[in-house]
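In what follows, chains carry the letters A, B, and so on, assigned in the order in which the sequence lines appear, proteins first and then strands, with residues in each chain numbered from 1.
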Amino acid sequence: MQDKYQPAEIERAAQEHWAKTGAARAVEDLSGQPARPKYYCLSMFPYPSGKLHMGHVRNYTIGDVLSRFHAMQGYNVLQPMGWDAFGMPAENAALANNVPPAAWTYQNIAYMKQQLKSLGFAIDWEREFATCTPEYYRWEQWLFTRLYKKGLVYKKLGTVNWDPVDHTVLANEQVIDGRGWRSGALIEKREIPMYYMKITAYAEELLAELDNLPGWPEQVRLMQKNWIGKSTGVRFAFPLADEFASTPDEKLWVFTTRADTIMGVTFVAVAAEHPLATRAAANNPELAAFIEECKKGGVAEADIATMEKKGLPTGITVTHPLTGEQVEVWVGNYVLMSYGDGAVMAVPAHDERDFAFAKKYNLPIKQVIAAEGETFSLDGWQEWYGDKTKGICINSGKYNGLGYAAAVDAIAADLAAKGLGDKKVQFRLRDWGISRQRYWGCPIPIIHCKTCGDVPVPDDQLPVVLPENVEITGAGSPLARMPEFYECKCPKCGGDARRETDTMDTFFESSWYFLRYACPDNATAMVDERVAYWCKGANFSGVDQYIGGIEHAILHLLYSRFFTKLMRDVGLIDFGEPFANLLTQGMVVAPTFYRELDGGKKQWINPADVDVVTDERGRPTGATLKADGLPVVIGGTEKMSKSKNNGVDPQALIDQYGADTARLFIMFASPPDQSLEWSDAGVEGAFRFLKRLWKTTHEHVAAGVAAACTGNDGLSTAQADLRRKLHQTLGKVADDYGRRKQFNTAIAAVMELLNAYDKAALTDTAGRALAQEVLEDVALMLFPIVPHLCQALYAALRPGRDAGRQAFPKADPGALVQDEIELVVQVNGKLRGSIRVAAGADKAAIEAAALAAEGAVRFMEGKPAKKVVVVPGRLVNIVV
RNA sequence: GCCGAGGUGGCGGAAUCGGUAGACGCAGCGGAUUCAAAAUCCGCCGUAGAAAUACGUAAGGGUUCGAGUCCCUUCCUCGGCACCA
């Protein structure tokens, strides 16, 4: 054993050893009676953006700790890795550097794979794949055609961001303050035909199954529940007066969850794209101009929801279905056409948004709900106006006096009797638009024929291969300019036809990759029996442990759940939930810096290239670019991303200190589910700890290894205390790894143990045996976090043994017993002293001891105890 | 705007079921070692105070013998909002 800790050398040796012994290779046991339980541990695969960032290191270290810990617990572990390889950044790189997206992607994969390997993760690399290869995406094309035939994929108009200068569709991210990121042009909404996945057909199941996912954080289940947004309400119609109707029975449909307030409707608002708005605008130039204005700007809901609410009357009126009164129809920029019927009833007295709108345009406000002890006023909005749980109907004719539920029932019944509406369950969840007018994605396997319509590509013509040598111009899709791609024959009639040139949303690839890891080499089927081996548990299905960023709490995780159900219903698998246990790691965030270029575009600067000036309290006051010393603008603190250029490359850290220090440091910095503001302060401390552990072990080994202690016989009191500490730590660390999945406290516990070890006298024979036991167990306990170092330490302590193949040490109950315990004594809840009592002392004895304690006597000032609270094993509180 | 999460020393964080607030580490300060430095080791380290003690977990209020933890209100930060992944 070397006397100095040399990470580069031991990490190389350990990685060679693991490669040679196939330590991370996962092999299915398909015997039907597996000897070991399986543990499929999956971290979200990375987009190959160029380099790893700290978020990746954090994510994959968590996965590796859990994988290695479970292997030591006797599980057959699968930890795979691959590449979410389709996506926009490859096209952006092509534009910026003139590299083809495919070449750029494969280069990035090669570099990042080498980075992952240098971190020593126990990944089974034989299962690696990139989603941009035809071997992978052919199966999603194959599935797509089946879903198309089942009617679960359909075509309709969807709204996109249109850049009128570049003549291209932009992602929401590429629309900045309403302008195109490259052209600077004002963005418009445009409707184009797109394919949609009918996720709403599964809304009920996606919602209900959330209750059967105890291994998911409550937070994520709640977010998905709210996203799906099941609401029970009433969908009803306002008939149009004859003078406005284009057909005899034309009606304006709306949905509301507050049918009890229907008598308070004072106007109706429709989306700018609503047919009524279009018709009214035909001979109303002012309205036409307003509708044009509504089309300006992007489609992102966050922008629309924060916009100033504006509206204009259409001049059309509709008939209130219950009162028969005429109600004005307005166009509102906050009403979304893609949402329900694209129209809403407005009850300004009992809806905050309607209230603000009515105030602004002087529209009538009619109170129809009253609550006991509350008074209504037109001057300001009060929370109780919109509270469903209190209040009864007033000014509502026959419904007066009814509460929420009774009023809704009565009103729905009356509307139904008139044929003008009924109760309806509605979901907030919308169908998933998957068409992208982009190049670097999976081609949608559809052929458009003038005679046969849309025809799915037959199996024997799959995959539809994405051509890799194309010219990216930033204007429109390159595929639409490639006749050699889109010119084809109709599979049905054999006539000339045109291939679809849109590609799929890249969420498609990530919605099923976890299944493909079980059988990446299968060239004849999407999945096979190995999927059942890795994904079927006794009481649950799916990946045993999934780990990834909280930013995926809704979209990726919901789409994956949806896909699993689709694949089940196509008969590919026999389970419906993809992930049994989910760990959502908090974002690694870092400050952003930028300079504004001509035309308002921002040039994002990496934090590593910036010097920050702070005031005496540590708050940043300014920043300059290292290269030229001139100021840069300080942006917000955001998740590390390529687009904001605030990712911190871990490579410098690995090069300087080694992979183990990087792993230890990121695990020690904070618990996994908490967001982490990046700072490398403290890396030195992690490195110092590893050096100290090496030195301590080296000193022990240099004096000659001993047989490890197996019981308390022959130990001094102080040595027995150390041994108790060791076995308490074993229990704590196993609990932290297994149940709590909180690694910073496990590390802190081992640090404490090592501090106690340093203070103990261990030179006698019993002490040497205890030292051996402590050091062996420390090496095994820390193996999941710093495997290279522990591999070397354990080999020195137990020559010829392989740390990774050892069972995780179990706490010895015999080491934990204690004769006396310390209890805290409080007077009126304030800490006033402590007592030592026998471990088995009864309540009366504890009370007596506490009342006699010096601090208690002093602070009771002779007053009698009114009450004595004894918390076993913790404290005594004397109330006077 | 809506949905979700968070806010504890100079900093990262601990306190797992309502029971000793600040474990563990970083930074800092003092000392040992050294010709000197690095490295290493020992000690101190929430605020005020000489001390006793008082105060202290974003702010304000409440429940409780006891609140960082539970409830209400407010402020701030982060994640998501359907074409970033």
Which nucleotide, [options], lies nearest any side-chain atom of [X]?
{"X": "A:Arg874", "options": "B:U40, B:G1, B:U20", "value": "B:U20"}
{"X": "A:Val589", "options": "B:C78, B:U20, B:C26", "value": "B:C78"}
{"X": "A:Arg430", "options": "B:A82, B:C3, B:G25", "value": "B:A82"}

Review point. Is B:C42 in the syn or the anti form, by the rule that syn lies within 90° of 0?
Key: anti
Check your understanding: Is the glycosidic torsion of B:G43 within 90° of 0, making it syn, or is it anti?
Key ->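 It is anti.
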Between the side-chain atoms of [X] and the base atoms of [N], is any donor-acceptor pair under 3.5 Å?
{"X": "A:Lys732", "N": "B:U16", "answer": "yes"}
{"X": "A:Arg739", "N": "B:U16", "answer": "yes"}
{"X": "A:Asn226", "N": "B:C3", "answer": "no"}

Review point. Mind checking whether A:Trp512 and A:Tyr136 have parallel, tilted or perpendicular rings, split at 30° and 60°?
Key: parallel
Review point. Do A:Gln174 and A:Arg182 have side-chain N/O donor and acceptor atoms under 3.5 Å apart?
Key: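 Judged by distance alone, the side chains do not pair up.
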Practice item. Run the salt-bridge test on A:Asp163 and A:Arg179 with the 4.0 Å N-O cut-off and return the result as yes or no. Key: no
Review point. Got a salt bridge between A:Asp505 and A:Arg436, using NZ or NE/NH1/NH2 to carboxylate O under 4.0 Å?
Key: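 Here A:Asp505 pairs with A:Arg436 in a salt bridge, since their nearest N and O are under 4.0 Å apart.
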**Study point:** Euclidean distance for P, B:C44 against B:A23 (whole angstrom)
**Key:**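 After rounding to an integer number of Å, I get 12 Å for this pair.
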Check your understanding: In whole Å, what separates the P atom of B:G28 from that of B:A21?
Key -> 30 Å
